[in-house]
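The structure appears right after this line, and notes come after that.
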Amino acid sequence: MASKRSYWLMKSEPEVFSIQALRRDRQTHWEGVRNYQARNHLRSMRVDDLVLFYHSNAEPPGVAGVARVCREAYPDDSQFDRKSPYYDPKATRQTPRWMLVDVKLDRKTRLMPLEEMRAHKALEKMVTLRRGNRLSITPVTPAEWNFIVKKLDG
DNA sequence: GCCAACGTTGGC
DNA sequence: GCCAACGTTGGC
């Protein structure tokens with residue numbers, strides 16, 4: 001039996017990597033995740049899981065598109081690269097600490113601002129909207145997913 | 001630029 | 001294992 005698809009929200013600062021950049025590149029290595037909880041979410045991602053591409057530190061912040069996981073977690077090479085801002089001196093090739101997945105663009109959407117997300121009762125329990133939440137990768141429930149996609153496309 | 005909230009580090 | 005100090009995230 002096929003495993004069930006999961007849904008995620010992944011934050012990216014558009015000045016670092018935007019939905020426009022994903023459209024240009026079609027696909028990307030989602031590098032630079034340096035938080036254990038977010039890493040564990042990366043590990044549970046499966047090919048064809050769907051992702052809300054969220055612009056953080058943006059004006060305004062919000063969901064900017066939909067992406068799809070196209071390769072499951074493997075070591076993030078930037079952790080070994082002394083010149084990278086994501087370099088981790090405690091990581092080695094034998095014992096990598098950080099993983100990434102590859103995602104490809106599904107579609108760019110209209111921007112759904114954070115303010116609008118907060119205004120929807122259906123989204124009030126979203127992990128990413130919880131007070132104080134800073135995680136760059138959070139799970140999204142099927143109900144939340146369906147609600148948002150309908151608002152984005154409809 | 002500010003700062004609340006949270007995560008990590010390291011001394012003990 | 002505790003916790004103070006420090007660093008980071010990200011909305012505002």
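Here is how names work: the chains are called A, B, and so on, in the same order as the sequence lines, proteins then strands, and each is numbered from 1.
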Q. What closest approach, in Å, do A/His41 and A/Ile137 show between heavy atoms, and which atom pair accounts for it?
A. CD2-O, 3.1 Å
**Q.** Name of the residue among A/Lys4, A/Arg68, A/Arg71, A/Lys104 meeting salt bridge (Lys or Arg N to Asp or Glu O under 4.0 Å) with A/Asp48
**A.** A/Arg68
Q | Geometric class of the A/Tyr36/A/Trp98 ring pair [parallel <30°, tilted 30-60°, perpendicular >60°] | A | tilted
Q) So A/Phe17 and A/Phe53, would you call those rings parallel, tilted or perpendicular, with 30° and 60° as cut-offs? A) tilted
**Q.** Side-chain donor or acceptor of A/Ser84 paired with backbone N/O of A/Tyr86 under 3.5 Å
**A.** yes
**Q.** Contact interval (first through last nucleotide) of DNA chain C with protein chain A, 4.0 Å heavy-atom
**A.** C/dG7 to C/dC12
Q. DNA chain B: A/Lys90 or A/Asn133, which has the more 5' nearest nucleotide?
A. A/Asn133
Q: Please tell me which of A/Arg134 and A/Arg97 maps to the more 5' nucleotide of DNA chain B, matching each residue to the nucleotide holding its nearest heavy atom.
A: A/Arg134
